[in-house]
Protein chains: 2
Amino acid sequence: MQREKLPTIKEIAKRLKVSTSTVSRALHNHPSIGYTTTMRVHKIAQEIGYEPNKTAILFKQRKTFTIGVLLPNLSEDFFSAAISGIEDFAATKNYNVLLGQSLDDPEREKRILETMKTHRVDGMIVSISKNTDNYEHFEQLKKYHIPIVFFDRIPEKEAINYVACNLESGMLQALNLLIEQGHTRIGLITGPEQLIASAQRREIYIKGLQEKNIQLDEKLIVSSGLSKEENHKATKKLLSAKKRPTAIITFNDYVALDAIAEAKKLGLTINKDVCFVSFANLPIWEYMDSRPIASIEQFPYKQGEKATEILFSVLEGDDSMDEETETPENQVIFDSEMRLHF
Amino acid sequence: MQREKLPTIKEIAKRLKVSTSTVSRALHNHPSIGYTTTMRVHKIAQEIGYEPNKTAILFKQRKTFTIGVLLPNLSEDFFSAAISGIEDFAATKNYNVLLGQSLDDPEREKRILETMKTHRVDGMIVSISKNTDNYEHFEQLKKYHIPIVFFDRIPEKEAINYVACNLESGMLQALNLLIEQGHTRIGLITGPEQLIASAQRREIYIKGLQEKNIQLDEKLIVSSGLSKEENHKATKKLLSAKKRPTAIITFNDYVALDAIAEAKKLGLTINKDVCFVSFANLPIWEYMDSRPIASIEQFPYKQGEKATEILFSVLEGDDSMDEETETPENQVIFDSEMRLHF
DNA sequence: TTGTACGCGTTATCAT
DNA sequence: ATGATAACGCGTACAA
């Protein structure tokens, strides 16, 4: 079971007939150790291929120099971009990234959190699963002094650190664009009712229309469970109405893909009979002819990076008052931006 | 610097006025400990929220229950699928996944390997960077008894564990399909010369044509540095020749995207004037009208999963003879398969 | 059935 | 300038 022994400072000490403390200090170039001794230690260390045993150090220091990242999945472009941001930032601090995908399964999420906890990660960055409705397991971590920074999919709680993206700015830009282009019947495909993100989109949509004095038509708002079938259904519902919308804002890019496919199937020409605006920004859009006229960019890389930055500021801050680390600076909201595709 | 102290078995021992060993055994439900004692220990442990300190255990056991994963990037769909396979399998063994992206930068690759080593991961799964030409840093790990399983992008060495995908089966299927459909002038866009993958594709291409008695035209083989510009250039070179090919096999999906865009720009109709076959299989193809007629599927998820399985078989195997763990079973090659898109 | 003592590799503290 | 020793938290061989 036990793995082979690797060279330790003891070994070096024995060979040089000095004490382990001398070796330890020499290796850290402590000024109190004589030049020659220091040199000899380094030389032997080199020769026998000594590497400090981090597990021992971590154990002693009660730190792991590892941050846990828990997110729904890596297949979505959004999250793989986010983790790049996280990893890049963590690398600058010589931290490692322990990865877990919840796959939007609350049970899996809980299990992963559990292993992260027992592995004593120094902190966590979390984007919660779609179906999570209780946050007890996150509270748990607080007891163990493991700070969490949530990003993008954040729980509805007060005292948390988070990074998110404000959809309003981008969505209003998009609405204005559509209205300027003469669209008056603008549809909205939101996600499942229980998702905050769905409610948000709906509210901003309504607000935006009001600002421009456009009469709200409840029939132009439909929701989808986000499966392919439901996306198709939602689109069909919108587009086969008597007074069909000439533009549709979709919950995200994956919905947009299905919606565009469905619109084509219904014989409509994209960007002529009907055009789309979508949240997030698949890098692949530029290769597609039938694409939304605009995306609402939510900066996944930037979000990941910022979340990590916040996590480190908490980690490096006073541990003494770690009950209340959630200051305004630890709650960051980026503004989304509309990006034109044509 | 030091983090707050968490409950330990000492604490429990003190409260119950028993020895730490009793507590330790009770927590493991050791049969030698009396029922009441065991119960009392569990109760207190529960109350004060005791969690075994894994870092201490790992330190003692010289194991970390963590595998390191080093791959070029997570933006490519191929790798994010692969890591899902890895993570899923690792989870079944209660192992964690430490992640590192080389971004195809050999220096970064080296650094990541270094941190993985000092963090004493139990094993590694690696897909090497595009530009790596020396494998010393991998040899290093062997000294520290950290087994490596390579996948997909594997070094040209004998004694290694690996999982890869044999392109031949899929590519021959694709060639045959094209030939059956009447294509005789079939172009090939390979990658940079120094990549093994490029040579492979070239060889199989030539072999496939020979088998069907089709005269090889060297002009139909071009290589690209895989940047967007080079992809466009390579495509242009093929398609603007006097006797242009009616079908093109591209190095991968990203090349295909650029090639298709370029073909359109040249006024050609995809799948009529010219059609494409590509390696890998972007899930998004189905949403695109202008897509390759077929993909050569390389099963990233399966590769990741299998690589992890092999890693565990090595980890669980005899440590005694760890010089030569590379047995035939540890060198797995999947057959690629052609998948039609229409 | 329970307790004592030791070791894992390192560093910090207190001597010398 | 260097050495001896304790401590981090846990598991376990050996004693009682």
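The chains referred to below are lettered A, B, ... by the order of the sequence lines, with proteins before strands, and numbering in each begins at 1. Atoms considered below: every heavy atom in the structure, side chains included; atoms not considered: hydrogens, waters and symmetry mates. Treat the numbers as computed from the prediction; the structure is a model and nothing was measured.
Counting any heavy atom pair closer than 4.0 Å across all strands shown, A:Thr37 reaches sugar-phosphate atoms only and no base atom.
The existence of a salt bridge linking A:Asp105 and A:Arg111 is excluded, since no basic side-chain nitrogen approaches an acidic carboxylate oxygen closer than 4.0 Å. A salt bridge links B:Glu47 and B:Lys43; the closest N-O separation between the charged side-chain nitrogens and carboxylate oxygens is under 4.0 Å. Using a 4.0 Å cut-off between a side-chain N of Lys or Arg and a carboxylate O of Asp or Glu, A:Asp122 and A:Lys93 do not qualify as a salt bridge. Between B:Glu305 and B:Lys302 there is no salt bridge, since no side-chain N of the basic residue sits under 4.0 Å from a carboxylate O of the acidic one.
The CG atom of B:Leu70 sits 11.0 Å away from atom CG of B:Leu98, with the distance rounded to the nearest 0.5 Å.
Among residues at least two apart or in separate chains, ring pair (Phe, Tyr, Trp, His ring centres under 6.0 Å) pairs with a member in residues 85-134 of chain A are A:Phe65-A:Tyr95, A:Phe89-A:Phe312, A:Tyr95-A:Phe312. Among residue pairs with one or both ends in residues 120-141 of chain B, those qualifying as ring pair (Phe, Tyr, Trp, His ring centres under 6.0 Å) are B:Phe138-B:Phe150; sequence neighbours excluded. Contacts classified as ring pair (Phe, Tyr, Trp, His ring centres under 6.0 Å) and involving residues 12-45 of chain A (residues at least two apart or in different chains) are not found.
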For this session: Evaluate the criterion salt bridge (Lys or Arg N to Asp or Glu O under 4.0 Å) for residue pair A:Glu11 and A:Arg15; output intermediate values, then yes/no.
Result: CA-CA 6 Å; A:Glu11 176 68 18; A:Arg15 296 213 190 190; 3.2 Å; yes
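At C:dT2, none of the side-chain N or O atoms of B:Thr22 fall inside 4.0 Å of OP1 or OP2 (strictly under the cut-off).
The heavy-atom pair separating A:Lys63 from A:Leu58 by the smallest distance is O-CB, 2.9 Å. Across every non-hydrogen atom of B:Ser84 and B:Tyr301, the tightest pair is C-CE1, 3.7 Å.
Rounded to an integer number of Å, the gap from OH of A:Tyr144 to C1' of D:dG9 is 15 Å. In this structure, the CD1 atom of B:Ile12 is 13 Å from the P atom of D:dG9, given to the nearest Å. Here the P atom of nucleotide D:dG9 and the CD1 atom of B:Ile48 are 12 Å apart, to the nearest Å.
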Exercise. What string of B, S and - do you get for nucleotides 7-13 of chain C 5' to 3' if you count protein non-hydrogen atoms under 4.0 Å?
Worked result: BBBBBBB
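Comparing the axis of the opening five pairs of the helix from C:dT1-D:dA16 to C:dT16-D:dA1 with that of the closing five pairs yields an angle of 50°, rounded to 10°.
Sorted by residue number, the list of members of residues 29-36 of chain A with any non-hydrogen atom under 4.0 Å from DNA chain C is empty.
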